[in-house]
Amino acid sequence: QSGESSNEIINKTLTRITGIDLTFVKMTKNARRVLFFYSLFFERPPIVVIRVPERQAGKEYADVTAAVRTLADDYELRVVVDGSLNALPQELLATYREKELTVEPMSREMIESIPEFQSLIERLRKFKLDNAVWQVFGGCPAMYMGVQTEIANCPDNAVVARVKRNLVAVLAKAAAFVHTCSSNTETIVGLFRDKQILQISESELKKGHLIVDFPNKVFRQVSTGYIEPATTAIGLIIRGNIDPPQDIANLVERL
């Protein structure tokens with residue numbers, strides 16, 4: 001959680017390894033015993049996954065960096081940290097010992113080739129909604145799963161209305177993120193709107209004495225050293241300068 005110390009993270013990890021959840025029991029010896037026998041039987045150290053939730057605004061980062069170092073060095077564990085840039089301190093990504101694996105949005109071709117989505121895609125195409133859904137959802141399978149559930153048992157005469165209602169809800173949430181962002185992020189939003197761009201390099205932002213502050217729901221860093229809207233829905237809100245609810249409804253009709 002936000003602000004957790006390295007010792008708290010380590011103790012939670014060792015508790016999961018030993019299966020002992022008693023505050024008066026020291027985990028170190030028990031954990032080393034379990035790890036010894038694991039390595040003896042499997043001839044390799046175990047992998048532990050630390051899931052780091054998003055840091056809340058105004059809160060400190062959890063001290064994941066020190067915890068990972070201790071678990072790797074002192075307990076010889078292989079550690080996977082699962083979290084977004086809104087959750088992880090920058091020091092964790094600059095140890096020169098880490099290997100970054102980034103999950104990027106899928107392409108439209110990939111999304112539409114997922115077997116579980118075939119009936120959904122066919123139905124969206126039937127009602128000429130596939131382009132609108134792609135423009136709002138982008139390459140996020142979870143969003144497609146949401147609309148799939150929404151229209152699973154829906155009669156044909158209600159599909160269009162339900163899908164559009166779903167798109168309006170997603171865009172309204174995106175608009176809320178844009179309109180409640182920090183003043184620094186608001187300045188960057190202005191750059192995107194003025195230049196009508198899809199990305200901007202971090203170096204260009206620095207020239208203007210700007211930097212993306214985290215946690216940030218509006219922008220995300222990509223591996224190429226660029227900043228872009230966090231979701232395609234946010235990108236639509238920024239480029240279209242969308243604000244009132246009626247603007248969102250009109251936008252969905254134009255897609």
**Request:** Indicate yes or no for a side-chain donor-acceptor contact from Thr185 to the backbone of Cys181 under 3.5 Å, with no hydrogens or angles considered.
**Result:** no

**Asked** Does the Asn11 side chain pair with the main chain of Glu8, one donor and one acceptor, at a distance under 3.5 Å?
**Response** no

Rounded distance [0.5 Å steps], [atom1] in [X] versus [atom2] in [Y]:
X	Y	atom1	atom2	result
Asp247	Leu251	CG	CG	8.5 Å
Leu255	Leu167	CG	CG	7.5 Å
Ile10	Ser5	CD1	OG	8.0 Å
Ile121	Ile111	CD1	CD1	7.5 Å
Ile50	Arg16	CD1	CZ	11.5 Å

**Message:** Does anything in residues 132-141 form a salt bridge (Lys or Arg N to Asp or Glu O under 4.0 Å)? List the pairs, not counting sequence neighbours.
**Reply:**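 Qualifying pairs, neighbours excluded: none.
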
**Prompt:** According to the salt bridge (Lys or Arg N to Asp or Glu O under 4.0 Å) rule, which pairs have a member within residues 70-80, sequence neighbours left out?
**Reply:** Asp73-Arg97

**Item:** Sequence neighbours excluded, every pair satisfying side chain to side chain donor-acceptor pair (under 3.5 Å) that has a member inside residues 203-212
**Value:**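 As it turns out, the side chain to side chain donor-acceptor pair (under 3.5 Å) pairs with a partner in residues 203-212, which skip direct neighbours, are Lys195-Glu204, Ser201-Ser203.
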
**Pairwise side chain to side chain donor-acceptor pair (under 3.5 Å) hits with a residue in residues 33-42, at least two apart** =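 Sorted pair list: Asn30-Arg33.
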
**Message:** Is there a side-chain contact (heavy atoms from CB on, under 4.5 Å) between Ile211 and Leu205? Walk through the geometry before answering.
**Reply:** CA-CA 6 Å; Ile211 188 170; Leu205 284 180; over 6 Å; no

Could you pull out all residues at least two apart from [X] that satisfy salt bridge (charged side-chain N to carboxylate O under 4.0 Å, His left out)?
X	value
Glu228	Arg220
Arg165	Glu150
Lys173	none
Arg162	none

Is the shortest side-chain heavy-atom distance between [X] and [Y] below 4.5 Å?
X	Y	answer
Asp213	Ser182	yes
Gln199	Ile227	no
Leu191	Leu210	yes
Glu253	Lys164	yes

**Item:** Minimum-distance pair of heavy atoms, taken over all atoms of Gly139 and Pro141
**Value:**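 It is O-CD, 3.3 Å.
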
**Request:** Of all the heavy-atom pairs spanning Asn216 and Val218, show the shortest one and how long it is.
**Result:** OD1-N, 2.8 Å

**Message:** Between Glu112 and Arg108, is the salt bridge (charged side-chain N to carboxylate O under 4.0 Å, His left out) condition met? List the steps.
**Reply:** CA-CA 6 Å; Glu112 294 185 350; Arg108 182 171 182 175; 2.9 Å; yes

**Message:** Quick one, Ile17 with Leu35, criterion side-chain contact (heavy atoms from CB on, under 4.5 Å). Give me CA distance, side-chain angles, the key distance, then yes/no.
**Reply:** CA-CA 8 Å; Ile17 289 172; Leu35 294 174; 4.2 Å; yes

**Request:** Give a yes or no on whether a salt bridge exists between Asp130 and Arg123, defined as a side-chain N under 4.0 angstrom from a carboxylate O.
**Result:** no

**Request:** Look at Glu186 together with Arg193 and state whether they make a salt bridge at an N to O cut-off of under 4.0 Å.
**Result:**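 Salt bridge: no.
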
**Message:** Evaluate Leu120 against Ile151 for side-chain contact (heavy atoms from CB on, under 4.5 Å), listing each step before the verdict.
**Reply:** CA-CA 9 Å; Leu120 169 66; Ile151 65 172; 3.7 Å; yes

**Item:** Inter- and intrachain pairs under ring pair (Phe, Tyr, Trp, His ring centres under 6.0 Å), touching residues 160-200, at least two apart
**Value:** Phe192-Phe219

**Prompt:** Under the ring pair (Phe, Tyr, Trp, His ring centres under 6.0 Å) rule, what pairs show up with a residue in residues 119-155, not counting sequence neighbours?
**Reply:**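 Matches after skipping sequence neighbours: Phe117-Tyr144, Phe137-Tyr144.
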
Kindly work out whether a path of hydrophobic side-chain contacts (I/L/V/M/F/W/Y, heavy atoms less than 4.5 Å apart) joins [X] to [Y].
X	Y	value
Leu40	Val34	no
Val160	Ile248	yes
Leu171	Leu198	no
Ile114	Val133	yes
Val49	Val81	no

**Prompt:** Should we count CZ of Arg32 as having more than 12 external heavy atoms under 6.0 Å?
**Reply:** yes

**Prompt:** Does a sphere of radius 6.0 Å around CD in Glu43 hold more than 12 heavy atoms from other residues, nucleotides or ligands, not counting ones at 6.0 Å or beyond?
**Reply:** no

Could you give the side-chain donor-acceptor pairs of residues 58-70 under 3.5 Å, partners two or more places apart or in another chain?
| unit_1 | atom_1 | unit_2 | atom_2 | d |
| --- | --- | --- | --- | --- |
| Tyr61 | OH | Arg55 | NH2 | 3.4 |
| Thr65 | OG1 | Leu92 | N | 3.4 |
| Thr70 | OG1 | Ala66 | O | 3.1 |

**Message:** Set out, in order, the CA-CA distance, both residues' side-chain angles and the distance that settles side-chain contact (heavy atoms from CB on, under 4.5 Å) for Ile197 and Ile200, then state yes or no.
**Reply:** CA-CA 7 Å; Ile197 52 177; Ile200 190 170; 3.9 Å; yes

Return a table of donor-acceptor pairs under 3.5 angstrom between the side chains of residues 229-238 and protein atoms on other chains or two or more places apart.
| unit_1 | atom_1 | unit_2 | atom_2 | d |
| --- | --- | --- | --- | --- |
| Thr231 | OG1 | Ile234 | N | 3.1 |
| Thr232 | OG1 | Val136 | O | 2.7 |
| Thr232 | OG1 | Gly138 | N | 3.2 |

**Asked** Side chains of Arg125 and Asn131: is there a donor and an acceptor less than 3.5 Å apart?
**Response** no

